[in-house]
Amino acid sequence: MMIPDHVAIIMDGNGRWAEERGLKRSEGHSAGAKTLEKLAIHAKDLGIKVLSVYAFSTDNFKRSKEEVDYLMNLCILYFKNRFNEVINNNVKVVFSGRKENLRSDVLEAMETVMEKTKNNTDCILNICFNYGGQEEIVDASLKVAKDIKNGTLKETNLNRDNFYHYLYQDLPPIDLLIRTGKEHRLSGFMLYQATYAELYFVDTYFPSFNEDELDKAIQYYQTCDRRFGNVKTN
Ligand code: IPE
Ligand code: IPE
Ligand code: MG
C-alpha cells in the first residue's frame with residue numbers, strides 16, 4: 001500500500017483536552033508534546049519520509065503571557081532534555097518559522113536538537129514554530145527578490161517547483177494533511193505545500209491522537225484518487 005512521503009499535522013485541541021478533564025491548559029500542551037514524540041517514531045516506522053507539525057503559530061502570540069511562556073519553556077524542555085527517542089530513532093529535526101520574536105534560550109534549544117539529529121536519515125520531523133504560511137510566502141518572495149537582484153536567479157526561471165527552494169525548508173509537497181481537534185481550517189498552515197494534499201479532519205484532541213489514529217488517517221489516504229488536475233486514466 002502507498003505510504004505518503006510527506007504527512008503534516010495541525011496539532012490542535014490540547015487546551016480543550018485538558019479542560020474536559022478539569023486540568024489546566026498547560027497540562028494539555030504537556031500531554032501533546034508526549035504524543036508528538038510517539039507519533040514521530042511511529043511515522044518513521046511506517047516509512048513516512050517527512051512529518052511536518054504545527055506547534056506554534058505566529059498568531060499564537062496573541063494568547064496570554066502565561067500560556068506563551070509555558071509553551072516556550074516546554075519547547076526548551078523537549079528540545080534540550082527530552083526527545084531522546086526521536087534522536088535515537090534516526091529522525092532529523094528541522095524547524096520552519098521566523099526566528100524574530102523568539103527568546104534566545106528557545107533558539108538555543110532549537111539549535112541543540114537540530115545539531116544532535118543533523119546526521120539522522122530515516123525521517124525528517126519539520127516542526128513549525130513561530131510559523132505562519134502567509135509569512136512563509138512573504139519571506140520566500142523577499143529571498144526571490146534578493147536572488148534576482150544579485151543575479152543568482154533569472155526572473156524567467158522561477159517556477160512553482162523551484163519556488164520550494166525559497167521556503168523555510170526545501171521539502172516535498174504534502175501528501176496527507178491531518179487536523180485534530182474538531183476544526184476544519186488551515187489556520188495558515190503550509191499554504192504553499194498543501195496545494196494537492198489530501199485533507200483529513202478528526203475530532204480527537206491532539207493529546208489523544210495515537211498511533212492507531214495515524215494508521216487510520218493513512219488508510220483514508222490510501223482510498224484517495226489523486227488526480228492532480230488530470231482525469232482518471234484506467
Ligand atoms: C494546539 O492546541 C496547540 C497550540 C496551538 C499551541 P490549542 O492550545 O489550540 O488547544 P485548543 O484548540 O484551545 O483546545
Ligand atoms: C493552529 O491552532 C496552530 C497550531 C496548532 C499550533 P490554533 O488553535 O492556533 O488555530 P485557531 O485559532 O483555532 O484557528
Ligand atoms: Mg486550538
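Small disclaimer: the values here were computed from a predicted structure and weren't measured. All ligand and atom numbering here is 1-based and tracks the order in the structure.
By the 3.5 Å distance cut-off applied to N or O atoms, S187 is counted among the residues near ligand 2. Checked against a 3.5 angstrom limit, the closest N/O atoms of W17 and ligand 1 fall outside it.
Contact annotation: H29 has at least one heavy atom less than 4.0 Å from an atom of ligand 1. At least one heavy atom of R63 sits less than 4.0 Å from an atom of ligand 2. Under a 4.0 Å heavy-atom criterion, G181 is not in contact with ligand 1.
Checking side-chain atoms of D175 against main-chain N and O of H6 turns up a donor-acceptor pair under 3.5 Å. Between the side chain of N73 and the backbone N or O of D69 there is at least one donor-acceptor pair closer than 3.5 Å. Formation of a donor-acceptor pair under 3.5 Å by the Q169 side chain with backbone atoms of F95 is found in this model. With T112 contributing its side chain and E108 its backbone, the two residues share a donor-acceptor pair below 3.5 Å.
Proximity of E19 to ligand 1, defined as any heavy-atom pair under 4.0 Å, is not found for any part of the residue. At a 4.0 Å heavy-atom cut-off, ligand 1 touches M11 through the backbone alone.
Nearest-residue assignment for atom 4 (C) of ligand 2 (options Y131, F206, F189, Y54; heavy-atom criterion): Y54. Of the candidates V53, I10, D12, it is D12 that places a heavy atom closest to atom 8 (O) of ligand 2. In the candidate list N14, L71, V68, T180, N14 is nearest to atom 2 (O) of ligand 1, counting heavy atoms.
A donor-acceptor pair shorter than 3.5 Å can be found between the side chains of T121 and N90. One side chain, S96 or N126, offers a donor N or O that lies under 3.5 Å from an acceptor on the other.
Here Y200 and Y221 keep their ring centres 6.0 angstrom or further from each other. Separation of the F209 and Y205 ring centroids does not fall under the 6.0 Å cut-off. Taking the six-membered ring for Trp and the full ring otherwise, F129 and Y54 have centroids separated by 6.0 Å or more.
The single protein non-hydrogen atom nearest to atom 11 (P) of ligand 1 is R16 NE, 3.5 Å, given as residue, atom name and distance. Residue, atom and distance of the protein heavy atom nearest to atom 9 (O) of ligand 2 are N60 ND2, 2.9 Å. Nearest non-hydrogen protein atom to atom 10 (O) of ligand 1 is G15 N, 2.9 Å. The closest protein non-hydrogen atom to atom 12 (O) of ligand 2 is R185 NH2, 4.4 Å. In this structure, atom 6 (C) of ligand 1 lies nearest to the protein heavy atom A55 O, 3.4 Å.
Heavy-atom contacts of R179 reach the following atoms of ligand 2: 2 (O), 10 (O), 11 (P), 13 (O) (cutoff under 4.0 Å). Near F56, meaning under 4.0 Å from one of its heavy atoms, ligand 2 places the atoms 6 (C).
Note on L74: it clusters hydrophobically with M110, by side-chain heavy-atom contacts below 4.5 Å among ILVMFWY residues.
R82 forms a cation-pi arrangement with Y78, by the criterion of a distance under 6.0 Å to the ring centre and an angle within 45° of the ring axis.
Of all N, O or S atoms in D12, the one lying closest to the Mg ion (ligand 3) is OD1.
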